[in-house]
Enquirer: 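Starting off with a structure, shown below.
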Amino acid sequence: MEAVHDSLTGLPNRTLFLEKTAYSVILKQRKRGYEFAVLFVDLDRFKIVNDSLGHLAGDRLLVEISTRLKACLRPQDLVARLGGDEFAILLHDIQVVEDAIEVAERLQAKITTPLMLEGREIFPSASIGIAFSTNVYNSVEEVIKDADTAMYQAKANGRAKYAIFEPDSIKPSLTFLQLDSALKRAIERQEFRLFYQPIFKLKSQRPVGFEALIRWAHPQGELLGPEQFLGQAEETGLIDSIGQWTLQESCRQLREWGQRSESILPLILSVNISKHQFYHSDLINLLRNLIEQYQISPSNLKLEITESTIMEDIQTAINIARCLRNLGVTILIDDFGTGYSSLNHLHELPIDALKIDQSFIGSIDQDASSAGFTIIQSIIGLAHNLGIEVIAEGIECARHMAWLKAFKCDYGQGFYFGEPMMAEQVVSLLATN
Ligand code: C2E
Ligand code: MG
Ligand code: MG
């Protein structure tokens with residue numbers, strides 16, 4: 001039994017899974033009306049559980065997930081553990097692709113039930129890739145490859161999603177593993193770039209700072225946005241090296257701007273900090289060293305922490321934020337309004353600004369009685385009552401700008417003022433303002 005079963009979960013292993021799926025491929029070729037689907041299930045953020053709670057807790061989570069997966073399937077289906085936090089499911093003899101989608105939705109609902117591990121509440125989720133047998137398959141390897149590609153697509157769409165492999169809709173995109181090794185090389189070969197998007201003071205209509213936004217100059221010529229690779233980098237732990245690079249490059253650039261022209265400073269540069277970087281890297285020491293190395297004034301540096309990062313562990317977040325504040329850097333809450341802030345903690349956080357998420361700014365396109373207007377006004381009022389400033393992101397037109405100004409929002413950022421640009425363009429933008 002060991003040879004074809006996984007010793008931790010007792011589930012069939014890769015060997016057995018490949019054998020059964022190969023049989024389905026043959027059956028499909030021989031039997032009219034026979035269809036099957038393969039689902040690749042990959043846990044989101046599993047590495048973080050493993051790193052922070054230990055391998056035993058990680059193992060317990062895997063066992064629990066395998067039980068949940070089995071509970072969602074019919075007796076004739078097969079669930080296997082392929083390795084790590086990767087599971088695969090073979091849906092044998094189904095009718096239409098909607099059957100597979102229904103199973104994927106059921107799996108996700110089941111997987112996301114919270115559980116306690118080492119005294120902490122964990123909210124598991126998984127990304128699922130689906131390959132369906134109407135894409136003519138000649139070998140089991142082709143099925144696996146498509147399910148893997150779709151799984152990667154699901155991860156790229158954000159976590160806890162599923163995606164169906166569709167031959168023409170999916171570009172020849174990198175698979176999960178290919179992206180992982182390409183990302184590692186990208187760090188060594190310095191393929192990352194920072195772009196800078198201006199932040200304007202609404203009252204004076206002048207730029208007061210910039211947000212650093214990462215891009216990946218992929219060797220195949222494409223410039224990839226953070227949405228296309230940061231999710232996976234967070235998953236595999238590479239985010240720490242990337243985040244370190246971003247901070248170092250930001251400090252270097254601040255120094256260069258400062259040396260070039262006295263009039264450029266004081267200019268604020270905002271840098272995004274990922275969840276893992278915030279809680280699990282030695283952020284404070286790194287910053288202290290960078291400030292020293294590049295001789296910059298910490299007050300020129302602002303860190304953007306998302307609301308969901310802060311709310312993950314509010315007490316720890318308050319402590320880290322205080323240490324950062326002691327270094328002299330300022331902190332703002334990014335994507336505000338999308339998480340669920342406990343408002344009674346907000347005043348304990350040493351922050352000096354909130355960024356209203358761009359999804360709210362879009363609601364200005366509707367008429368002035370819409371709920372979005374009320375939300376924007378409440379956030380601005382709340383911030384001002386706490387004595388902190390407000391930045392609106394995603395300002396795309398004069399109408400957005402005019403309303404936000406009327407609401408007494410302090411700062412704005414968006415395509416209306418300027419898209420993310422290269423360091424050179426920053427200098428000319430400041431020169432003309
Ligand atoms: P964010 O921090 O909320 O950044 C704002 C995003 O909105 C940027 O997308 C920006 O290009 C986009 N944007 C700006 N103005 C407009 C507008 O008028 N309309 C619309 N529709 N979009 C606008 P981008 O550069 O793709 O970054 C996406 C997210 O990736 C960022 O969201 C941030 O959370 C993350 N990110 C970017 N760079 C880094 C980094 O160096 N480190 C970390 N940890 N995260 C980063
Ligand atoms: Mg940001
Ligand atoms: Mg944001």
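Since this is a predicted model, take the numbers as computed values, not measurements. Order of listing sets the numbers, starting from 1, for every ligand and every atom in it.
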Enquirer: Which of the atoms of ligand 1 are close to T246, meaning less than 4.0 Å from one of its heavy atoms?
Expert: 41 (O)

Enquirer: Ignoring angles and geometry beyond distance, decide whether I273 reaches within less than 3.5 Å of ligand 1 through its nitrogen or oxygen atoms.
Expert: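 In fact, backbone or side chain, I273 has no N or O that close.
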
Enquirer: Provide the full list of side chain to side chain donor-acceptor pair (under 3.5 Å) pairs with a residue in residues 195-210, sequence neighbours left out, each pair given once.
Expert: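 Residue pairs passing side chain to side chain donor-acceptor pair (under 3.5 Å), neighbours aside: Q197-Q413.
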
Enquirer: Would you say D334 has an N, O or S atom lying under 2.8 Å from the Mg ion (ligand 2)?
Expert: yes

Enquirer: Can you sort out the partners of D146 under side chain to side chain donor-acceptor pair (under 3.5 Å), two or more places apart, ordered by chain and number?
Expert: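 Here the qualifying residues are Y137.
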
Enquirer: Considering only heavy atoms, does L230 approach ligand 1 within less than 4.0 Å through its side chain, its backbone, both, or neither?
Expert: side chain

Enquirer: Is ligand 1 less than 4.0 angstrom away from at least one heavy atom of R215?
Expert: yes

Enquirer: For ligand 1, note which part of E419 has a heavy atom under 4.0 Å away: side chain, backbone, both or neither.
Expert: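 It is neither part, as no heavy atom is under 4.0 Å.
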
Enquirer: Are any of the N/O atoms on Y416, whether in the backbone or the side chain, positioned under 3.5 angstrom from an N/O atom of ligand 1?
Expert: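 No, no N or O pair falls under 3.5 Å.
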
Enquirer: Does N272 bring an N, O or S atom to within less than 2.8 Å of the Mg ion (ligand 2)?
Expert: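 It does; at least one qualifying atom falls short of 2.8 Å.
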
Enquirer: Of all N/O/S atoms in E304, which lies nearest to the Mg ion (ligand 2)?
Expert: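 When I compare the N, O and S atoms of E304, OE1 is nearest to the Mg ion (ligand 2).
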
Enquirer: Does the structure place the NZ or CZ of R255 under 6.0 Å from the centre of the six-membered ring of Y294, at an angle of no more than 45° from the ring's axis?
Expert: no

Enquirer: Considering the heavy atoms of D334, write down every atom of ligand 1 situated less than 4.0 Å from one of them.
Expert: 1 (P), 2 (O), 3 (O)

Enquirer: Going by the order shown, which atoms of ligand 1 are within less than 4.0 Å of some heavy atom of P420?
Expert: 11 (O)

Enquirer: Could you please spell out the steps behind the salt bridge (Lys or Arg N to Asp or Glu O under 4.0 Å) verdict for E235 and K155?
Expert: CA-CA 10 Å; E235 197 97 5; K155 289 247 186 221; 3.0 Å; yes

Enquirer: Does ligand 1 have any atom sitting under 4.0 Å from a heavy atom of G225?
Expert: no

Enquirer: May I ask you to decide if the ring planes of F373 and W403 are parallel, tilted or perpendicular, using 30° and 60° as cut-offs?
Expert: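 The rings of F373 and W403 stand perpendicular, inter-plane angle above 60°.
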
Enquirer: Return yes when Q413 approaches ligand 1 closer than 4.0 angstrom through a heavy atom, no otherwise.
Expert: no

Enquirer: Where on N272 is there a heavy atom closer than 4.0 Å to ligand 1, on the side chain, on the backbone, on both, or on neither?
Expert: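 It is both backbone and side chain that touch ligand 1.
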
Enquirer: Would you mind telling me if ligand 1 is within reach of the side chain of E211, the backbone, both or neither, using heavy atoms under 4.0 Å?
Expert: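 The answer is the side chain.
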
Enquirer: Counting only heavy atoms closer than 4.0 Å, does ligand 1 sit against the backbone of Q277, its side chain, both, or neither?
Expert: neither

